[in-house]
Structures are given as structure tokens and as C-alpha cells.
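Every value quoted in this text rests on a predicted model; they were computed, and no experiment measured them. Throughout, protein chains are lettered first and strands after them, A, B, ... in sequence-line order, and every chain is numbered starting at 1.
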Amino acid sequence: MEGASYQRFPRVKIRELKDDYAKFELHDTDASMANALRRVMIAEVPTIAIDLVEIEVNSSVLNDEFIAHRLGLIPLTSQRAMSMRFSRDCDACDGDGQCEFCSVEFHLRAKCISDQTLDVTSNDLYSSDHTVVPVDFTDYAGYESSEQRGIIIVKLRRGQELRLRAIARKGIGKDHAKWSPAATVTFMYEPEIHINEDMMDTLTLEEKQSFVDSSPTRVFDIDPNTQQVVVVDPEAYTYDDEVLKKAEAMGKPGLVEIYAKEDSFIFTIESTGVVKASQLVLNAIEILKQKLDAVRLSEDTVEADDQFGELGAHMRGG
Amino acid sequence: MEHGSFTDNSAATFSLTDEDHTIANAVRFTLNQDPRVTFCGYSIPHPSEARVNIRVQTTGDPAREVLKDACQNLMLMCRHVRSTFDKAIEDFKASNAVKAMKIDSLDSSGDDSEESE
């Protein structure tokens with residue numbers, strides 16, 4: 001490379017990591033990179049969701065397309081999604097999604113024979129592939145109920161029946177939100193808070209307490225030992241300027257200075273359970289690399305209609 | 001798709017289909033880090049059409065090469081983020097495994113008190 005670019009390499013530090021929740025810090029990078037990661041996580045990481053439903057019998061109170069819509073929204077564990085092919089790209093079958101490389105088949109049979117209402121839930125969906133199943137939401141820590149909960153699809157009365165076959169395919173959130181693996185992905189700038197100690201010393205304890213209370217979230221607190229205002233949780237700051245307005249109202253502008261560090265971000269990721277939160281980030285980076293590869297390699301094709309097109313006409317002064 | 005002059009290839013507009021702000025903003029940022037670039041920006045001609053125009057003007061190098069280098073740099077950055085993230089996960093799990101062993105001995109006594117309530 002001739003001129004070395006002023007590129008820095010980002011650092012990552014993980015704060016919290018659970019199966020479906022991750023919080024981590026990303027340093028030394030730009031907002032465009034952080035935003036690209038966020039957008040890819042929401043819209044372009046592939047997952048598997050039910051896409052085609054063949055209903056044999058439906059005598060429930062909901063009509064066919066209603067049930068099909070609900071089935072599509074059920075989250076399915078999608079570890080296989082990154083290695084699967086899209087149905088339209090599959091050459092092993094004729095593209096209507098019946099082969100094992102590009103689709104997973106489900107079936108559901110429910111009939112209510114008792115007087116009690118039967119709840120048809122996602123637990124009643126039987127998969128042809130044991131790695132792609134409806135996400136299990138049983139809360140093992142909860143003491144309230146020990147029975148298996150699933151997502152209720154429809155409720156049946158005595159005599160009503162539901163029998164269907166469903167095919168799940170790989171897709172991305174851009175096509176339909178059912179394929180989005182992320183519940184929420186947010187990032188915020190890391191705040192840097194400086195307290196002007198000299199100015200703070202001129203306040204009485206009451207004034208300090210009212211200053212601390214003026215913030216909607218608990219950012220500051222009064223240290224009981226030294227009676228000084230200290231920053232207890234800088235990241236609780238939501239960039240509302242309440243404390244700054246309070247400082248001005250008290251007649252002391254500049255009492256506290258809060259900057260957003262332009263190259264430090266705190267990501268909070270919640271997954272729907274289809275992939276682990278950590279796996280979601282890794283897949284997102286992988287997809288971003290694939291997109292960049294596509295851009296890089298597509299430059300080799302010289303467009304024949306360079307001469308035509310409106311942009312070309314503008315360039316030639318047309 | 002590259003729109004430019006045949007005589008002067010240091011300035012060109014690249015029109016990418018099926019792309020949006022996700023990749024365009026990141027590539028624009030990486031291009032700005034390159035000292036050979038005098039101007040770089042992107043626009044989306046119409047929000048209903050998935051198309052991005054990236055304009056690159058350089059100090060003499062072919063704009064196409066500069067764009068390719070920017071994509072390469074961005075990929076390196078992605079690779080680096082990935083390995084850093086992998087390592088951070090391992091470190092986190094290792095440090096948590098140590099904590100979990102300490103909590104385990106406390107958990108059993110905690111459970112007893114909850115059941116009695």
C-alpha cells in the first residue's frame with residue numbers, strides 16, 4: 001500500500017453476557033462502523049422462519065392466513081442458518097423449498113376432544129430437523145409454574161381441529177421482520193463527566209442534594225463520608241441535559257461538563273432466542289465482510305451501459 | 001457500476017445496487033481515512049430504490065483502486081473486531097467461571113431460605 005491510511009483498530013470489552021443478552025464496549029472506531037454493525041444485526045443476519053403453510057384441516061375460530069401469519073412469527077432456533085442456502089439459490093431442488101439443504105419441514109396436529117379449551121402452542125410443532133425447533137422459553141429460575149409454556153398459536157373448543165404442514169426457510173430481516181434475530185440492538189456514546197470541584201465546594205449540602213436529584217436517572221450521588229458529589233454511574237446518563245439546566249438555574253453554569261466520547265460506544269443487544277447474543281454479533285461481522293467482498297469483486301465487471309443512463313448523460317454535460 | 005471519465009480516472013462515481021446506508025457510510029468513513037482521497041461522499045438517489053452512489057476523488061490514483069483498498073481496510077477492521085470479540089468472550093467466560101464456583105457454595109444456602117418463605 002502506498003500511503004498508509006490513518007486507520008485504527010477497534011477494541012472490544014464485554015460487560016455482560018447471557019444467552020439472549022449481551023452488553024459490550026467498542027472503542028477506537030467510528031459511529032458509521034457501529035451503526036453498520038447495528039443495521040446488519042437487525043436486518044441482514046439470516047435466520048430460519050416458517051414461510052410456507054399447507055393447511056389440511058382448520059375448524060378453529062381463526063382463519064387460515066391468520067394462523068399462517070402467526071406461525072411465521074414463531075422464533076425457530078437458527079444455528080444452521082449461516083450454513084444453509086436460500087431457497088431461491090438452491091440447486092438440489094426446484095426452488096420451491098422441499099429439500100433438506102434449503103428448508104425444514106414442520107407439522108402440527110391438534111384436535112380438542114375434551115370439554116376444556118385446548119391451547120395449541122409452539123410446543124405442538126414437530127420438526128423434521130432436531131436442530132431447528134421453536135425456541136424454548138421455559139424459565140428455569142421461575143418458581144411459579146413448572147409446566148412447559150409455549151407460544152399460543154390458537155385455542156380450540158371441543159370438536160375443533162387443526163392439521164397443517166409448514167416449511168421453514170432461511171431469510172433476512174430486510175425481507176420480513178419474522179426473520180430478524182434481534183429484539184433490540186442499541187448503542188450509545190460513552191459519556192465523560194467532569195465535575196468542577198471548586199464550583200461544587202461553593203454549594204451547600206441541600207443544593208448538592210437537589211442537584212443530584214435533578215437527574216432523571218441516577219448518575220450522581222453524595223458520598224456519605226466526604227459529603228462530595230461523585231459520579232456513581234456515568235452510563236445511566238441518557239444525554240438529557242437536565243443536570244446542565246439545573247446547574248444554570250442555580251446560577252452556576254459549568255458546574256459539570258459532560259462530553260460524549262466520539263469513538264467509544266456501549267452496545268446493548270437483546271436476541272429473540274433464535275441465536276445466542278454473542279453469536280449474533282459474530283454473524284453480523286461475517287455478513288458485513290461478505291457484503292464488502294461483493295462490492296470489492298463487483299468492481300471488476302465493466303458496465304456496458306456506462307455510456308447510457310442519466311448519470312452518464314450528466315457527466316457528458318447532457 | 002462505475003461512472004467516470006475515460007481520460008481522468010482519479011475521480012468517479014460508483015453506483016452500487018441492493019445497498020443502503022449500512023455499507024455506504026462505513027465505506028465512506030474508511031475512504032476518508034485514506035490520505036489519497038480529496039473528496040468522498042455518498043448519496044441515495046431515491047429511498048424506494050436500493051441504490052447508493054459513492055463519489056470518490058483522489059490525488060491522482062485511480063478511484064477504483066482507492067475504493068478497493070478502502071473495502072479491504074474495512075474488511076481487515078471487521079476481521080480484527082471479530083477476533084477481539086472472540087477473545088473478549090473467552091476472557092469473560094473464564095472470569096465468570098471463577099465467580100460461578102464461588103457463588104455455587106452460597107446458592108444452596110440461599111435456596112433453603114427462599115423455599116421456607
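- In this structure, the separation between NZ on A/Lys291 and CD on B/Glu19 is 4.0 Å, given to the nearest 0.5 Å.
- Considering CG of A/Asp30 and CZ of B/Phe29, their distance stands at 4.0 Å, rounded to 0.5 Å.
- The shortest non-hydrogen separation linking A/Ile285 to B/Cys78 is CG2-O, 3.3 Å.
- From A/Arg296, atom CZ reaches atom CG of B/Leu74 across 11.0 Å, with rounding to the nearest 0.5 Å.
- Pairing each heavy atom of A/Val12 with each of B/Thr84, the nearest pair is N-CG2, 3.5 Å.
- Pairing each heavy atom of A/Arg15 with each of B/Phe92, the nearest pair is O-CE1, 3.2 Å.
- Chosen from B/Asp20, B/Asp86, B/Asp18, the residue pairing most often with chain A at heavy-atom distances under 4.5 Å is B/Asp20.
- Crowding of A/Phe101 atom CZ: a count of heavy atoms from other residues, nucleotides or ligands under 6.0 Å not exceeding 12.
- For A/Arg38, no part sits under 4.5 Å from any heavy atom of chain B, backbone or side chain.
- Distance CZ/B/Arg79 to CG/A/Leu288: 12.0 Å, rounded to 0.5 Å.
- Residue-environment remark: OH (A/Tyr259) stays at or below the threshold of 12 foreign heavy atoms within 6.0 Å.
- B/His21 is not listed as a side-chain neighbour of A/Ser32, based on a closest heavy-atom distance of 4.5 Å or more.
- Other residues, nucleotides and ligands contribute only 12 or fewer heavy atoms inside 6.0 Å of the NZ atom of B/Lys87.
- Taking CG of B/Asn96 as the reference point, atom NZ of A/Lys18 lies at 11.0 Å (rounded to 0.5 Å).
- Note that the NZ atom of A/Lys276 and the CD1 atom of B/Ile89 stand 9.5 Å from one another [nearest 0.5 Å].
- Proximity of B/Phe85 to A/Ile14: side-chain heavy atoms (C-beta onward) are separated by under 4.5 Å at one or more points.
- Contacts between B/Val27 and chain A at a heavy-atom distance below 4.5 Å involve the side chain alone, from C-beta outward.
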